[in-house]
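Here is the structure we will look at, set down as structure tokens.
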There are 2 protein chains.
Amino acid sequence: MAEDGTSKSLGHHEGTDWNDAFQWDVREDCEVRQILDRIADKWSLLVIALLDDRTMRFTELKRMIDGVSQRMLTVTLRQLERDGMVERTVHPIVPPRVDYALTELGRSLHATVQSFVLWTEQHQEDIAEARSRYDRDAGRLADAETAATGATAATAIAAG
Amino acid sequence: MAEDGTSKSLGHHEGTDWNDAFQWDVREDCEVRQILDRIADKWSLLVIALLDDRTMRFTELKRMIDGVSQRMLTVTLRQLERDGMVERTVHPIVPPRVDYALTELGRSLHATVQSFVLWTEQHQEDIAEARSRYDRDAGRLADAETAATGATAATAIAAG
DNA sequence: CCGTATCCTTTCGGATACTG
DNA sequence: CAGTATCCGAAAGGATACGG
């Protein structure tokens with residue numbers, strides 16, 4: 001493993017190859033972060049997923065997601081509309097009818113979302129297993145580390 | 001792995017193509033949702049991204065992300081460790097040294113994350129543009145819809 | 001039917017202080 | 001260095017009531 005502490009600064013992009021020198025702009029104002037926080041929130045991905053199938057009305061979406069409150073569905077749809085992901089069509093009839101559809105931008109995101117969901121489906125058992133293991137072993141390091149430090153504290157003195 | 005067929009009500013439609021009959025398990029207890037909420041939170045993706053490059057220590061991560069508080073970095077790392085995404089190695093020396101590395105599971109996620117980030121980078125201008133447009137036109141529907149409903153309210157009566 | 005407005009609870013997350 | 005514990009403000013999000 002790498003012993004040296006050659007920490008590279010992430011403030012600027014130099015390497016363009018993601019596999020070699022992978023680095024984001026990790027700052028708070030990074031746009032990738034902003035956008036990701038938006039579309040990866042509690043409901044957005046579900047809305048995108050459902051709308052990729054077909055155009056839907058407000059009540060349809062609300063019924064199909066059915067954990068969502070009226071307020072949050074409205075907020076989510078407004079955000080997605082603002083980001084240019086969904087298009088909102090109001091039909092001026094007496095019982096109002098509003099249709100929501102994905103834009104081209106929204107459809108292009110769906111392909112990526114799909115791969116994400118696929119990964120999750122493929123690995124959910126691994127994760128569940130890892131969690132069980134972790135929860136079962138909780139508290140094991142109290143013993144282990146006390147013994148370890150007691151044995152090596154006098155011999156292993158590292159420089160700050 | 002994952003050759004179940006018991007817990008999912010997803011895959012039993014004849015149209016297994018995502019483009020045709022796309023549907024998730026949209027419920028609250030959907031595991032895809034659970035996992036997605038975990039890894040798509042404020043810091044997890046950044047940690048995964050940085051650790052894919054190489055093994056890092058706690059302070060290194062803290063310095064490179066540098067918007068994160070000590071508390072949140074610890075919480076994030078514990079969650080990722082619990083989910084089997086990162087491995088934590090404690091060296092029993094006097095100034096404690098703890099290394100964090102991605103597991104195989106974590107590395108497999110990185111590929112997907114990468115495509116996600118790529119999409120965001122490619123479309124961030126479109127999104128910024130859409131937002132400007134939306135914000136500029138805020139309030140336009142007050143006039144438009146008032147006029148529209150006023151003209152059509154008497155004639156358009158739709159059934160419930 | 002499709003929202004908006006308000007209230008209120010829960011959660012997130014930073015600041016700080018302390019431990020080994 | 002690498003945490004843990006506690007406090008507290010901010011934000012997310014549900015419930016409800018009301019409006020067009």
Side-chain angles (χ1 to χ4, degrees), chain A residues 5 7 28 33 37-38 40-44 46 56-63 65-79 81 86 88-100 138-139 141-154 156-160, chain B residues 28 33 37-38 40-44 46 56-63 65-79 81 86 88-100 138-139 141-154 156-160:
Chain A
S7 57
E28 206 65 39
R33 276 281 312 279
D37 283 357
R38 173 65 14 99
D41 71 0
K42 199 170 184 182
W43 307 111
S44 293
L46 296 175
M56 295 184 79
R57 306 180 54 173
F58 183 87
T59 319
E60 277 184 297
L61 285 168
K62 178 154 168 37
R63 186 168 39 241
I65 297 182
D66 204 79
V68 71
S69 63
Q70 192 178 25
R71 181 180 171 278
M72 287 317 296
L73 183 56
T74 302
V75 169
T76 300
L77 286 168
R78 285 295 179 282
Q79 286 176 342
E81 187 193 3
V86 305
R88 180 168 173 267
T89 308
V90 180
H91 302 278
I93 57 180
V94 174
R97 179 195 178 99
V98 181
D99 286 327
Y100 292 94
L141 44 75
D143 286 349
E145 286 188 355
T146 303
T149 48
T152 58
I157 304 293
Chain B
E28 205 67 37
R33 277 281 313 279
D37 283 358
R38 172 67 13 98
D41 70 359
K42 199 172 185 183
W43 308 111
S44 294
L46 296 176
M56 295 183 80
R57 304 179 54 172
F58 184 86
T59 318
E60 278 185 296
L61 285 167
K62 178 155 167 39
R63 186 169 42 240
I65 298 182
D66 204 81
V68 72
S69 61
Q70 193 179 26
R71 181 181 172 278
M72 286 317 295
L73 182 57
T74 302
V75 169
T76 300
L77 286 168
R78 286 295 178 283
Q79 286 175 343
E81 188 193 0
V86 305
R88 181 168 172 267
T89 307
V90 181
H91 302 279
I93 58 179
V94 172
R97 179 194 178 100
V98 181
D99 287 328
Y100 291 93
L141 45 75
D143 286 347
E145 285 189 353
T146 306
T149 46
T152 58
I157 305 293

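Throughout, protein chains are lettered first and strands after them, A, B, ... in sequence-line order, and every chain is numbered starting at 1.
Taking atom CD of residue B:Q79 and atom C1' of nucleotide C:dG13, one finds them 12 Å apart after rounding to whole Å. One can place CE of A:M72 at 12 Å from P of D:dA15, the figure rounded to the nearest angstrom. In this structure, A:R97 atom CZ and D:dG20 atom C1' are separated by 19 Å, rounded to whole Å. Rounded to an integer number of Å, the gap from CG of B:L73 to C1' of C:dA15 is 16 Å. Counting to the nearest Å, the P atom of D:dA12 and the CZ atom of A:R38 are 8 Å from each other. Rounding to whole angstrom units, CG of residue A:L61 and P of C:dG3 are separated by 10 Å. Rounded to a whole Å, the CG atom of B:L77 is 16 Å from the P atom of D:dC1. In this structure, A:D66 atom CG and D:dG14 atom C1' are separated by 14 Å, rounded to whole Å.
Minimum atom distance to the side chain of A:V98 is reached by C:dG3, of the listed D:dT4, D:dG14, C:dG3. When distances run from any side-chain atom of B:Q70 to the nucleotides C:dG14, D:dT4, C:dG3, the shortest one goes to D:dT4.
Here the closest heavy-atom approach between residue B:V90 and residue B:P92 is recorded as O-CD, 3.6 Å.
In this structure, B:R71 does not reach the C:dT16 phosphate: none of its side-chain N or O atoms is under 4.0 Å from OP1 or OP2. Contact annotation: A:K42 side-chain N/O to D:dG14 OP1/OP2 distance is under 4.0 Å. Listed pair B:Y100 / D:dG3 meets the phosphate criterion, a side-chain N or O lying under 4.0 Å from OP1 or OP2. Between A:R57 and the phosphate of C:dG3, there is no side-chain N or O to OP1/OP2 separation shorter than 4.0 Å.
Within the 4.5 Å cutoff, the side chain of A:L46 has no heavy atoms near those of the A:L61 side chain. Using a 4.5 Å cut-off on side-chain heavy atoms (C-beta onward), B:H91 and B:V98 make no contact. In this structure, the side chains of A:L73 and A:W43 stay at 4.5 Å or more apart for every pair of heavy atoms.
When atom types are taken as modelled, the side chain of A:E60 and the backbone of A:R57 share a donor-acceptor pair closer than 3.5 angstrom.
Heavy-atom distances to DNA chain D give each of B:F58 and A:D41 a nearest nucleotide, and the one nearer the 5′ end belongs to B:F58.
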